[in-house]
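Some notes on the structure that comes next.
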Amino acid sequence: MCGIIAAITKRNITNILINGMKKLEYRGYDSSGLAIIDNQNNIIRIRCVGKVNALIKKINSMKISGNIGVAHTRWATHGKVSTENTHPHISSNIIIVHNGIIENFSILRVFLKKQGYQFYSDTDTEVIAHLLHWEQNKKKYCLKEVIQNSIKKLYGNYSMVVMDKNNPSKLIAIRSGSPLVIGLGIEENFIASDQIALLHVTKRFIYLEEGDIAIIKNNKIDIFNKYNIKINRKEIISTIKYKSIKKGKYHYYMEKEIYEQPYSIQNTLKNRLKDNETIHFDELDLEKDNLLINTEHIHIVACGTSYNAAMVAKYWFESLANIPCDVEIASEFSSRKLVVRKNSLFITLSQSGETADTLSALRYSKNLNYLGNLTICNMEGSSLVKESDCYILTKAGLEIGVASTKSFTTQLTVLLMLIAKIITLKKINDNTSKAIIKTIQNLPQKIQEILKQTQDIKNIAQNLSNKNNILFLGRGDQYPIAIEGALKLKEISYIHAEAYASGELKHGPLALIDENMPVIMIAPKNSLLLKNQQNIKEISARGGIVYILSDQKFDYEDNINIIKLPHIEELIAPICYVVPLQLLAYYIALIKGKNIDQPRNLAKSVTVS
Ligand code: HGA
C-alpha cells in the first residue's frame with residue numbers, strides 16, 4: 001500500500017527520502033514521487049510511474065537540495081497509475097502526501113471546482129490539498145487549525161503529511177486510518193508509514209495513535225490527540241535488526257522467508273511450552289484465561305492468507321477441542337447483519353495488524369454480543385493489537401515479501417498452541433493437549449527436512465511454468481492448504497489457479513480436466529487417503545496429469561507424478577504441506593521471470609478497505 005516518508009533536517013534530505021522510499025518498496029506500489037522546498041523556497045516536485053529507481057534517475061539528473069520534504073510510494077485507489085495522479089499533490093503553497101481513501105471526494109471536488117480550483121489529477125488526495133488551501137485562505141488560521149477544520153469535512157481514511165511553502169519550518173502529520181511513525185533525530189526529525197523506512201537514520205520512534213495530529217520541527221515535536229489535547233506519546237527504541245531487512249544470500253525476500261520458517265516457528269514456540277505440559281503466552285494474563293474458559297464458540301475473521309490459516313483452525317477447533325468454530329472473510333463480516341452465538345470469542349488474524357478490513361471487522365464486532373476478542377498478529381504495537389481485548393504475537397520476524405509465507409505457518413503454530421491451551425483450561429482432554437505440545441515441537445525439524453529436498457519441486461515447476469491453469473485439491477484440514485497453494489501461485493506467477501475440496505471434483509471441476517489442466521493433489525497418509533486415491537484415479541482416467549504431494553507410495557502410471565515428503569504427524573501435516581506449495585509457486589514465478597517480492601497490483605499490508 002502507499003508509503004509515506006517525510007523529513008525536516010539541517011542537511012540535504014534528498015538521500016534520506018530516496019533511501020526511505022527504497023525501503024518502502026516492499027509494501028507494493030505503482031508510482032513514486034517527492035517534493036522538496038529548496039533553499040530558495042521553491043517547491044521542487046519530481047514524480048514517476050514505475051519503480052523508485054526510475055525516480056532516482058530523474059532526481060540524479062537534477063541536483064536538488066533542501067531541508068524539508070515529503071515523499072510517497074503510491075498504490076492507486078482513485079485515478080489510474082499516471083504521473084499526474086502520483087503524489088505529492090499541490091495546491092498553491094500546500095503540499096501533501098496521503099495514505100487512504102476519501103469517500104466523499106466527488107462532492108468535495110464539485111464544491112472546490114465551484115470555488116475556482118483547477119484539478120490536475122483524478123485522485124481523492126488532490127481534493128484534500130485544495131480543501132486545505134481553501135480553508136487556509138478563508139481565515140488566516142495556523143496550519144494545524146486549517147487541517148483540523150478541513151478534516152471535519154472528510155469521510156474516509158486520511159493518514160497524511162502536509163507541508164506549507166509559506167512556512168517551511170514544520171511538517172504536520174495526521175494519523176487517521178493507517179499508521180504513521182515519527183523518527184527522532186538530533187536537530188532533525190522524520191515521519192514515515194513504518195519504521196523500516198527510517199532505520200537508516202534513527203532507531204528512536206514515536207507511534208502516532210488514531211486521531212493524533214503532530215507538528216514536527218527539526219528540534220521539537222508537539223502531538224495533539226483527537227480531542228486536541230497536547231499529549232506525550234511514549235518513545236520506543238526499535239529492536240528491528242537492519243540485517244533482517246537484507247536479502248542476504250537469497251534472490252528474493254520470499255525465498256528467504258520460506259527458508260526461514262524452521263527458525264520463525266522455533267521463535268514462535270520459544271518460552272511458551274512449559275514443562276512439555278502446558279502452553280503459556282506471556283501476553284495473556286489470568287483474566288484472559290477466564291475469557292478462554294468461558295468460550296463456547298469461536299468466530300475467526302481474516303483476509304487472504306490469514307483467512308486460509310483460520311480455515312485450517314476451524315477443523316482443529318472442532319476436531320481437537322470440540323468447540324464450534326466459524327470463519328469469515330473480514331470484508332463480508334462487516335457488511336452484513338449477523339447472529340452472534342452464545343459465549344462466542346471473536347478472533348482476528350493478520351500479519352501486519354493494520355489490515356483495514358480486519359480492523360473494521362473488529363470495530364464492528366465491538367457493537368455485537370461477543371464474549372470478548374483476541375487478535376493473533378505479527379506486529380506488536382499495531383492497531384489490531386492496541387484495539388483488541390487481548391493478543392498473541394506470532395513472532396515470525398519481519399516479513400517483507402508480499403506473498404505471505406512464514407506468517408502463515410507461524411499463525412497456524414499459534415492457533416494449535418491456543419487450542420492446546422483452551423483444552424487444558426477447559427479440562428477437555430489432557431491427552432490431546434499433551435499430544436499437541438509434543439508434536440508441535442517436531443515442526444522446525446520436519447520443515448527443515450522438506451526444505452532440503454527441493455529438486456523434485458524445481459523439476460515440477462519447470463513442467464508447470466508454461467501452463468495457463470492449475471487445479472489444487474485437498475481434503476479435510478488439507479483443503480485450506482490447497483486454497484493457500486493456489487493463492488500463492490496466483491499472487492506471484494499470475495497463473496490462474498483454483499482450489500477445490502477433493503470431494504467436490506465430481507460436482508463440477510472434473511469437466512475442466514484434460515492434458516492442459518494439471519492437478520496438484522495433497523494426499524498425505526491419513527484416514528482420507530483412500531478417498532483421495534479414488535479422486536486421483538478419476539482424474540487419470542480422463543487424461544489429466546496429477547502431481548501428488550504425499551508421504552505414501554502410489555501405483556505407477558504415466559500421468560501420475562509424486563512429490564515424496566517425509567512422514568509427518570497428522571496434527572502438524574497442514575503446516576508442513578504448505579511449504580512445498582510455497583516453493584512450487586516461488587520456482588514457477590522465478591522461471592517466468594516475475595518480480596516475486598512485488599507482484600503486480602498487490603500490496604503488503606492492505607491498509608485501505
Ligand atoms: N487514494 C489515494 C491513496 C491511495 C492509498 O492510500 N493506497 O494505499 C490515491 O489513490 O492516490
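Order of listing sets the numbers, starting from 1, for every ligand and every atom in it.
For Glu283, the CD atom counts as densely surrounded, since its 6.0 Å shell holds more than 12 non-hydrogen atoms of other residues, nucleotides or ligands. By the neighbour-count criterion of 12 heavy atoms within 6.0 Å, atom NZ of Lys80 is sparsely surrounded, having that number or fewer from other residues, nucleotides or ligands.
Counting heavy atoms closer than 4.0 Å to ligand 1, residue Asp124 contributes side-chain atoms (C-beta onward) but none from N, CA, C or O. By the criterion of a heavy-atom distance under 4.0 Å, the side chain of Thr125, and not its backbone, is placed next to ligand 1.
Sequence neighbours left out, the pairs with a member in residues 226-236 that pass side chain to side chain donor-acceptor pair (under 3.5 Å) are Lys144-Asn228, Gln148-Asn228, Arg204-Glu235, Asp212-Arg233, Asp222-Lys230.
Protein heavy atom in closest approach to atom 9 (C) of ligand 1: Arg74 NE, 3.5 Å. The nearest protein atom to atom 5 (C) of ligand 1, hydrogens excluded, is given as Cys2 SG, 2.7 Å; this is a heavy-atom distance. Nearest protein neighbour of atom 3 (C) of ligand 1, counting heavy atoms only, is Gly100 O, 3.4 Å.
Close contacts between ligand 1 and His78 involve ligand atoms 10 (O) [criterion: under 4.0 Å to a heavy atom].
Ring centroid separation for the pair Tyr586 and Tyr259 does not come in under the 6.0 Å cut-off.
Considering backbone and side-chain atoms together, Thr123 places no N or O closer than 3.5 Å to any N or O of ligand 1. For the pair Thr77 and ligand 1, the shortest N or O to N or O distance falls below 3.5 Å.
Partners of Phe224 according to the ring pair (Phe, Tyr, Trp, His ring centres under 6.0 Å) rule, which considers only residues two or more places apart in sequence or in another chain, do not exist here.
Side-chain contact check for Ser383 and Glu210: no donor-acceptor pair (N or O, by modelled atom type) lies under 3.5 Å.
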